[in-house]
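In what follows, chains are A, B, ... by sequence order, proteins preceding strands, each numbered from 1. These figures come from a predicted structure and were not determined experimentally.
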Amino acid sequence: MNKIFEVPLYPYAHHADEDTAAPARRKVVVIGAGPVGLAAAIDLAQQGTEVVVLDDNDKVSFGSRAICFAKRPLEILDRLGCGQPMVDKGVQWNVGKVFFDDRQVYDFNLLPEDGHKRPAFINLQQYYFEEYLVKRVRELQEQGAPIEIRGRNKVSAIGTHPDHVTLEIDTPEGSYNLEADWLIACDGAGSPTRQMLGLDFVGRVFEDNFLIADVIMEADFPTERWFWFDPPFNKGQSALLHKQPDGVWRIDLQLGWDIDKEREKRPENVIPRLKAMLGEDVKFELEWVSIYTFQCRRMEQFRHGRVLFAGDSAHQVSPFGARGANSGVQDTDNLCWKLQLVIDGKAPESLLDSYDVERVHGADENILNSSRSTDFITPKSEMSRVLRDAVLDLSEHYEFARPLVNSGRLSVPCTYDGSPLNSADALDGPERTRPGSSCPDAPLGDGFLLDQLGGKFVLLTIDADAPDVIEEQGIEVTRLALSVKDDKTLALKDRYLGKHESGVYLIRPDQHVAARRPSFDENQFRHAIRRAIGKE
Amino acid sequence: MTEDQLILTPNINGADDFYADLLTAHEGLSKAESDALNARLVLVLANHIGKRAILKQALAAAALKPGEDTA
């Protein structure tokens with residue numbers, strides 16, 4: 001049987017756009033059918049905007065690659081109509097073990113907070129993630145949504161203009177030209193788009209190599225995350241064992257800087273390393289092996305006129321903490337509603353500059369966190385290693401040292417503090433729901449809050465009066481009227497009111513808080529809506 | 001917990017920020033300079049704590065011999 005990543009999912013097919021005398025003009029073109037490009041396309045198509053996805057390949061990602069998907073991206077996928085298959089297929093885990101040298105120093109339980117529809121995260125191979133997104137694209141197509149994926153369409157030249165972008169595209173049958181009102185570049189860390197436009201991508205290179213292997217084994221290892229610092233089977237380095245669906249285990253082994261990559265990738269060199277780790281008697285089969293190095297860097301700006309960069313093409317992080325695909329999906333979540341309003345003529349083009357401000361802030365937070373994890377896992381000086389080993393030794397005996405152990409910090413959504421779209425906090429409520437925050441979920445009877453918020457502007461009232469609809473500048477904001485009594489667990493009260501009796505929130509289409517007050521004030525909320533769409 | 005008891009549960013707000021500051025303080029130093037910095041840091045922190053009973057417990061904890069006074 002062929003593996004899913006060996007089968008063309010969106011094979012090349014001749015398109016009428018290839019035969020037109022003058023280039024066809026499309027609303028939005030997305031380059032790259034990876035997790036980020038597909039999420040962007042689905043988001044726009046769901047809102048009725050014409051979108052064409054171009055990819056130089058015709059298959060899902062080769063090998064597991066991104067394997068941890070965090071809660072916020074899963075919530076976004078719910079809005080995109082494909083969260084459930086991901087969660088059904090994915091592996092959930094809560095227990096992690098940390099090993100140092102030849103012993104376990106401690107274990108931990110993530111004890112995820114109750115009252116959320118989605119788990120803290122799931123492990124799922126990137127090829128499944130992409131497959132489910134492609135299925136969702138097909139479903140939308142059947143419903144008549146204006147979305148298509150063109151496989152083996154490689155963009156070879158890009159021209160930028162004040163009100164559109166021109167593309168030269170190579171296909172197996174020759175090349176053709178296409179125009180787009182807007183271009184979203186989701187073509188990965190090596191982004192050809194970025195290179196064709198001659199744009200910067202600066203940051204820090206980490207001098208290290210990691211061997212990454214997907215191993216199929218029927219083993220008794222529990223569904224836990226095991227991380228080793230300086231283990232006997234990989235002296236002076238680190239190792240990670242993590243479970244994926246279908247009995248596939250992900251193993252990461254740090255190799256150091258001075259190695260022969262081609263040699264290390266050969267099965268005759270990989271298998272002894274894995275046997276030393278797993279035990280001589282464990283039977284396993286290698287599904288995929290790769291060696292990666294990484295950098296932490298970002299573009300100076302994510303918006304360049306009509307070209308918008310999202311995901312790894314805009315920012316690259318180390319893999320520790322699962323902040324690559326996860327942050328990319330949050331990029332498109334931030335971008336698509338803004339682009340939609342601009343396309344519909346309801347917001348000024350300058351609204352897109354807030355995408356740059358907010359997601360650069362997110363990228364910096366991710367780069368900071370993943371750089372710190374990397375510095376802990378691979379100390380770059382002798383003293384750095386002495387301190388790291390001291391933390392690990394202490395962590396075996398004393399609880400206080402455990403928060404200092406850093407083998408990757410769980411990716412949580414970034415709060416857009418200081419964003420130009422926020423209105424000043426007029427509630428003084430819980431910090432986690434201050435303007436700029438991503439709305440935390442809460443249980444509501446048989447359902448959950450985030451499903452009810454959906455993907456439009458919402459006025460959330462909790463034990464407060466307000467009109468059912470406010471229309472401002474062509475934006476229709478509908479009210480979601482709730483009471484703390486709707487949630488017997490009191491999570492809604494704890495997360496949105498704190499010590500207050502009532503609250504009114506203006507929530508953006510990406511489910512981030514734009515404004516909040518103790519009660520409805522028409523003038524103030526109209527002002528907040530204008531601000532949230534870049535009109536003030 | 002009494003005030004004469006060494007705190008051995010997490011007590012630093014923003015542990016990652018603290019650790020990053022600690023690494024930054026050592027950046028660019030030779031090993032000898034780093035050792036000296038650590039020694040000074042121990043003495044500065046000890047003076048801030050001030051209480052002999054706590055310091056004795058801290059010395060034991062750092063020696064990974066909880067419950068023993070090494071002094």
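- Chain B forms more heavy-atom pairs under 4.5 Å with one residue of Leu387(A), Asn369(A), Leu368(A) than with any other, namely Leu387(A).
- Contact tally against chain A (heavy-atom pairs below 4.5 Å) for Glu27(B), Lys31(B), His26(B): the top residue is Lys31(B).
- Counting non-hydrogen atoms of neighbouring residues, nucleotides and ligands closer than 6.0 angstrom, the CG atom of Asn13(B) reaches no more than 12 such neighbours.
- Using bins of under 30°, 30° to 60° and over 60° for the plane-to-plane angle, the ring pair Tyr106(A)/Phe108(A) lands in the tilted bin.
- Most heavy-atom pairs under 4.5 Å with chain A, from the set Ala20(B), Ser34(B), Pro10(B): that is Pro10(B).
- Annotation: Phe210(A) is in aromatic contact with Phe320(A) [ring centroid separation under 6.0 Å].
- Heavy atoms closer than 4.5 Å to chain A are found nowhere in Asn11(B), neither backbone nor side chain.
- Screening Val357(A), Asn334(A), Val513(A) for a side-chain contact (heavy atoms from CB on, under 4.5 Å) with Tyr416(A), the sole residue that qualifies is Asn334(A).
- Here the side chains of His315(A) and Ser327(A) are in contact, with some heavy-atom distance below 4.5 Å.
- Of the residues considered (Arg402(A), Arg388(A), Met383(A)), Met383(A) shows the highest number of contacts with chain B, using heavy-atom pairs under 4.5 Å.
- Considering every non-hydrogen atom in both Arg516(A) and Thr433(A), the closest pair reads NH1-OG1, 3.0 Å.
- Contacts between Ser381(A) and chain B at a heavy-atom distance below 4.5 Å are absent for every atom of the residue.
- Using a 4.5 Å cut-off between heavy atoms, Asn38(B) touches chain A through its side chain atoms alone.
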